[in-house]
Amino acid sequence: MKALVLIGGFGTRLRPITYTVPKQLIPLAGRSMLYHVFDLIPKDVEEVVLATGYKAEVVDAFVRQHPTPWPVRTVPEAEPLGTGGGMKNASAGLSDPFYLLNSDVVTTVDLSAMLALHQHRGGIGTMALAEVEDTRPYGVAALGPDDRIDAFVEKPEPKDAPSHWINAGLAVWAGSVLDRIPSGRPVSFEREVVPGLLPERLYAFRLRKYWDDAGTPERLLRSQQLLFDDGRGGRGGVPAGAFGSGPVAVARGVRAEGASFGKYVTLGEDVTVEPGAHIENSILMAGTHVEKEAVVLGSLLGPKVLVRAGQRVVGQVFGEGAEVGGPTTPGR
Ligand code: GDD
Ligand code: MG
C-alpha cells in the first residue's frame with residue numbers, strides 16, 4: 001500500500017504568510033500541518049508520494065530534515081495541475097489501491113480500518129466524509145443505502161448541497177481511477193473525475209470525532225484548538241518563567257520570561273516574547289519577536305515578525321519580516 005499526498009496549492013487564503021512559507025509547513029500545536037497529516041498514515045505503508053508544486057523545494061528540504069516512518073518521494077509539477085493533474089503526474093508506481101490525502105486537513109482517523117472496509121465492500125473507492133454546518137467550501141456527497149455515495153458536487157451553492165456530509169480529503173482509491181484522469185492539463189479531480197466514478201460504486205467512511213480544513217486563518221486557528229484539545233500539542237503548559245494557562249507548544253530557543261499566555265498558542269523556534277506581553281489563540285513562527293506589553297490575539301505571525309512594544313494585534317495575519325507598529329510600519 002502506498003499513499004499519495006497532494007501538496008501543490010498556493011495557499012492563497014493564507015497570504016501573506018504563504019508568500020514565503022507553503023501552507024502545509026505552518027506549525028499548528030507545535031507541529032507542521034503536513035506532519036499532522038503524516039501522523040494519519042499507517043506505519044506499514046511502503047512509500048509516501050508527495051505531489052508538490054508551489055515551493056516544492058521548500059517542502060523537499062523540510063521533509064529531508066524531519067524523519068518519517070516510511071520513505072517519502074516527491075514528484076513536483078512545473079505548472080500547477082490541480083488536484084487531478086497532480087495525481088496523474090505522480091501516478092507512476094502507485095499501488096492498487098492507494099491512499100489519497102489532502103495535506104491541509106486536521107482530524108483523527110484510522111486509515112487501516114478504512115482500507116479494511118474498502119476491501120470488504122469493494123467498489124472503486126472509499127471516501128472519508130465529515131459532517132459540517134457550512135458546506136460551501138467543500139465537496140458534498142449524497143448518501144444512499146449502505147453509505148454508497150449517489151451524487152457528489154464540488155463547492156455547491158447551499159441550495160444545491162445534497163447533505164451536510166463533505167469530502168474530508170482522505171480516501172482509498174482503486175489504481176484504475178488514475179487512468180480516468182486526462183493528462184497534460186490541469187484537472188480538478190473533484191469536479192471532473194469523481195462524479196464519473198460513481199457508477200462504479202464509491203462508498204463513504206464517516207468521521208465521527210473532529211475534522212477541519214486549515215486553509216483559511218479562522219479555520220487554521222480552529223484546527224489548532226482541535227489538535228490541542230485532542231492532546232496532540234505536546235505537554236501543554238507555558239514557557240519557562242511565563243504566566244498563564246496555556247496550552248502553549250514551545251519550540252527550541254523560545255524566550256518568554258515574564259510574558260503571559262492564554263489558551264492555544266504555538267511558539268516557533270527562537271521566538272521571543274518580552275515581559276508584560278500577552279499572547280492567546282495564535283501562531284508565532286520562527287524568529288518572531290513580540291516586545292513588552294504588546295497583545296496578540298487570534299493572529300498568525302509568519303517568520304521573523306516584529307511586534308513593537310504596546311501594540312495590539314487582533315485577528316490579523318502578517319507575513320515574514322513584517323514590522324507592526326513603531327517608526328516604520330509596512331502593514332499587512
Ligand atoms: N499537486 C497539487 N497540484 N496539489 C494541489 C494543487 C495542484 O495544482 N492544488 C491544490 N492542491 C492540494 C492542496 O495543497 C491541498 O492539499 C489539496 O490539494 C486540496 O486543495 P485545496 O486548495 O485545499 O482544496 P479545497 O480545500 O478547496 O477543497 C478540497 O478539499 C476539501 C476538504 O478539505 C476538495 O477535495 C474538497 O472536495 C474537499 O471537501
Ligand atoms: Mg483545503
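Just follow the structure's listing: the first ligand is 1, and inside any ligand the first atom is 1. Nothing here was measured: the structure is a model prediction, and the numbers come from that model.
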Problem - Heavy atom of Gly53, distance to ligand 1 below 4.0 Å - result: no
Exercise for the section: For the Mg ion (ligand 2), find the closest N/O/S atom on Asp104 and give its atom name. Expected result: OD2
Practice task
Counting heavy atoms only, name the option from Val105, Ile166, Leu6, Val5 that's nearest to atom 18 (O) of ligand 1.
Solution key: Leu6
Handout entry: Pairwise side-chain contact, Phe318 with Leu300, heavy-atom cut-off 4.5 Å (strictly under)
Key = no
Completion exercise
For atom 23 (O) of ligand 1, the closest protein heavy atom turns out to be Asp104 OD2, 2.8 Å
Fill in the blank from the handout: Nearest heavy atom to atom 36 (C) of ligand 1, choosing from Glu154, Lys155, Met127, Gln24, belongs to Glu154
Handout entry: Gly169-ligand 1 polar pair, N/O distance under 3.5 Å
Key = no
Practice task
Would you please indicate yes or no on a ring centroid separation below 6.0 angstrom for Phe10 and Tyr19?
Solution key: no
Exercise for the section: Return the name of the atom in Asp213, of element N, O or S, nearest to the Mg ion (ligand 2). Expected result: OD2
Completion exercise
Checking heavy atoms under 4.0 Å, the part of Trp211 that sits near ligand 1 is side chain
Handout entry: Short N-O contact, Arg206 and Asp147, less than 4.0 angstrom
Key = yes
Problem - Polar atom proximity, Thr83 to ligand 1 (N or O, under 3.5 Å) - result: no
Problem - Within the 6.0 Å centroid threshold, strictly below: Trp165 and Phe152 - result: no
Problem - Salt bridge Arg136-Asp134, side-chain N to carboxylate O under 4.0 Å - result: yes
Fill in the blank from the handout: Counting heavy atoms under 4.0 Å, the part of Asn102 that contacts ligand 1 is both
